[in-house]
2 protein chains.
Amino acid sequence: MAKPLQAGMEHLGQMIFHLHTQGFEESIFQFVRYFLDIDNETILIYTGNKRPRIIHRRATVMQVHERLESDYVLGAYLLDPFYNLHVEQAPAGIYTLSQVAPDQFKRTEYFSTYYRRTTVVDEMVYVAYPSPHVSVHLSVGRDAASGQRFSKRELARARELEPVLRAISELHWANLHSNDNNDKTSEPDAFRERLESELGICLTPRQAQVALFILRGHSSVSISLRLKISEQTVKVFRKQLYRKCGISSQAELFSMMMPVLLKIVAQRTP
Amino acid sequence: MAKPLQAGMEHLGQMIFHLHTQGFEESIFQFVRYFLDIDNETILIYTGNKRPRIIHRRATVMQVHERLESDYVLGAYLLDPFYNLHVEQAPAGIYTLSQVAPDQFKRTEYFSTYYRRTTVVDEMVYVAYPSPHVSVHLSVGRDAASGQRFSKRELARARELEPVLRAISELHWANLHSNDNNDKTSEPDAFRERLESELGICLTPRQAQVALFILRGHSSVSISLRLKISEQTVKVFRKQLYRKCGISSQAELFSMMMPVLLKIVAQRTP
DNA sequence: CGGGGTATAACCCTAAGGGGGTATTTTGGC
DNA sequence: GCCAAAATACCCCCTTAGGGTTATACCCCG
């Protein structure tokens, strides 16, 4: 199905991207699908710290997007490793799940209650920035039906499309701007405030920071490297915050914190 | 509030248990409450392998019985360590949670998604057998409001009531009988069959057996002692069955198996 | 100035979970 | 009845989570 890139290039002249029109997203999808064997595609736009907006989506299997509006957009995205690219304003480019996922990502509750149920087995995301703090994520993936992860060859091919996709994405969405002058509180701070007002639990800044890392699937070692502290210290913070919350596992942390995260997000209309 | 047992005995002559009448269960409750500081009480009857029936319940806090009808009776009871006393037809008597709970009980999903939410912090259960395969469980407990677990002294006092409670329970419910001539398939077998028909997953008998032990909170060591095999072997069965199910933790096993367990139970009207 | 909360760091341990591997017994099919 | 495959049983290796304990240094507040 997928042709060598050279062959595609010949056709590129005939592929017309109607910027600023309805059909643009669909033509992006058709363009990618011409070169890559993919089962599903999603275009998301993140603006400042607002909720993501779904711009376009296609999937051969229903499950892939089943919880996209209900769970992902409403708050689960905060734990998505790809969302982190937007937060950190990582360089534009193409990213695979294995590149961005923390070391213990597959043991998170986000993974088992959300990601696994999408049946997606592999995912690549094209990241572009039409303007500061506005990210366009073009996600393409494989699901359990085909079952195959992307090969190195496919990744290389996907990478070749990246400059073109980035250019036309940034052109098409250039009019989008983020007015993030309000809500300057950092994420751990907002998290702490909500946690205290909602559940009456008062974490220290460090404990809140560690909690968020844990929820996203970082191991103690991974957190220690990020925060430049010892692994032992991370374990202490983990213990302390678990004790304050009256829980004893990452899974319980998730079921306790998700409602709090949702409330942080709720006031941010996209 | 609780008086020494001797004092209670003086009143016992005045306490009339109206066998085979509506008020019997309530008088049982009042009797126990006279001697023991308890926050909640539940009387359950297990008949053969049918779903338990709730005969009576009292609680100072709503949460204690919140999920009793919806979750416990409909299937969660299969993972209850006290239910296991009925299955194994353990001797009549009084049992505490710490006596019957497997070593890793507090790390099970049953504990964190059901038991913890009842806010019960300690529980004692009087077990009586009105007739073969018919168990009466009189459960008395403390919740988070009082917060205190039962002391050794209280347990001793509770134990003194046991002969009386057993005698009147077995008298009162003597007319109950179990017709368990049907459904002679063992639990692991029923579990295996359902698993194959529902999810298309074919576990070996040993794997199914281990899965059920894991769900109930047994550690690998505990399972190895029960099955008289090596701990290493248990770990291998665990690995194999996790792989067959495409999962990687006890929590996922729970969320995958609960629907299956519910279907096993559904056909057994109490 | 002293004490409580916080942050840092180290040690101990058990248990889960995943990666190899091998040997024996049971079972099903020809 | 024999052979292969499956099931059962056991072993080694490893990382990580989670819990317990102790000991520092710091900093703010009364």
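Since the model is a prediction, treat every value here as computed from it, not as a measurement. Just so it is clear: chains get the letters A, B, ... in the order the sequence lines come, proteins before strands, and each one is counted from 1.
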**Asked** Please give, in whole Å, the distance from C/dG17 P to A/Asp103 CG?
**Response** 17 Å
Keeping [X] on the side-chain end and [Y] on the backbone end, is there a donor-acceptor pair under 3.5 Å?
X        : Y        : answer
B/Gln99  : B/Thr96  : yes
B/Asp71  : B/Ala76  : no
A/Arg142 : A/Arg149 : yes
A/Asp39  : A/Asp143 : yes
B/Asp122 : B/Phe150 : yes

**Message:** Reading DNA chain D from 5' to 3', where do the contacts with chain B start and stop? Cut-off is 4.0 Å to heavy atoms.
**Reply:**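 The footprint of chain B covers D/dA7 to D/dC12.
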**Message:** Contact list please: residues 233-246 of chain A against DNA chain C, heavy atoms, distance less than 4.0 Å, in numerical order.
**Reply:** A/Thr233, A/Val236, A/Phe237
**Prompt:** According to the salt bridge (charged side-chain N to carboxylate O under 4.0 Å, His left out) rule, which pairs have a member within residues 99-116 of chain A, sequence neighbours left out?
**Reply:**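 Qualifying pairs: A/Arg116-B/Glu252.
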**Message:** Give me each pair satisfying salt bridge (charged side-chain N to carboxylate O under 4.0 Å, His left out) with a member in residues 207-236 of chain B, each pair once, sequence neighbours excluded.
**Reply:** B/Glu88-B/Arg226, B/Glu187-B/Arg216
**Prompt:** Nearest 0.5 Å, what's the CG-CG distance between A/Leu212 and A/Leu79?
**Reply:**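 A/Leu212 CG to A/Leu79 CG: 8.0 Å, rounded to 0.5 Å.
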**Prompt:** If we fit an axis to the first five pairs and another to the last five of the helix from C/dC1-D/dG30 to C/dC30-D/dG1, what angle do they make, to the nearest 10°?
**Reply:** 30°
Side chains of [X] and [Y]: closer than 4.5 Å at any heavy-atom pair?
X        : Y        : value
A/Gln89  : A/His133 : yes
B/Pro102 : B/Pro81  : yes
A/Val125 : A/Ile94  : no
B/Tyr72  : B/Asp80  : yes

Near-strand residues of [range], defined as heavy-atom separation under 4.0 angstrom from DNA chain D:
range                       : result
residues 222-230 of chain B : B/Ile229, B/Ser230
residues 200-216 of chain B : B/Thr204, B/Pro205, B/Arg206
residues 109-122 of chain A : none

Review item, side-chain donor-acceptor pairs of residues 199-208 of chain A, under 3.5 Å, at least two apart:
unit_1   : atom_1 : unit_2   : atom_2 : d
A/Thr204 : OG1    : A/Gln207 : N      : 3.2
A/Thr204 : OG1    : A/Gln207 : OE1    : 3.4
A/Arg206 : NH1    : A/Gln209 : OE1    : 3.1
A/Gln207 : OE1    : A/Thr204 : N      : 2.9
A/Gln207 : OE1    : A/Lys244 : NZ     : 3.0
A/Gln207 : NE2    : A/Gln240 : OE1    : 3.1

**Complete:** Judged by nearest nucleotide, the residue sitting upstream toward the 5' end of DNA chain D, A/Ser248 or A/Gln104, is A/Gln104
**Request:** Tell me, please, which residues at least two apart from B/Phe213 pass ring-ring contact (aromatic ring centres under 6.0 Å, His included).
**Result:** B/His218
**Message:** Can you list everything that forms a ring-ring contact (aromatic ring centres under 6.0 Å, His included) with A/Tyr46? Sequence neighbours excluded, please.
**Reply:** A/Tyr83, A/His86, A/His137
**Prompt:** Could you walk me through whether B/Ser220 and B/Arg238 pass the side chain to side chain donor-acceptor pair (under 3.5 Å) check?
**Reply:** CA-CA 9 Å; B/Ser220 292; B/Arg238 184 197 295 263; 2.9 Å; yes
**Request:** Decide if atom CD of B/Gln148 counts as having more than 12 heavy atoms of other residues, nucleotides or ligands within a radius under 6.0 Å.
**Result:**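 For B/Gln148, atom CD is not crowded (no more than 12 foreign heavy atoms under 6.0 Å).
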**Asked** Are B/Gln104 and B/Ser219 close enough that a side-chain donor and a side-chain acceptor fall under 3.5 Å?
**Response**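 Result is no, nothing qualifies.
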**Asked** Under 3.5 Å, is there a donor-acceptor pair linking the side chains of B/Gln250 and B/Tyr242?
**Response**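 There is no such pair between these side chains.
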Hey, what are the protein-to-nucleotides 22-25 of chain C N/O distances that come in under 3.5 Å?
none

**Request:** Check the angle between the aromatic planes of B/Tyr115 and B/Tyr110 and answer parallel, tilted or perpendicular using the 30° and 60° thresholds.
**Result:**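 It falls in the tilted class, 30° to 60°.
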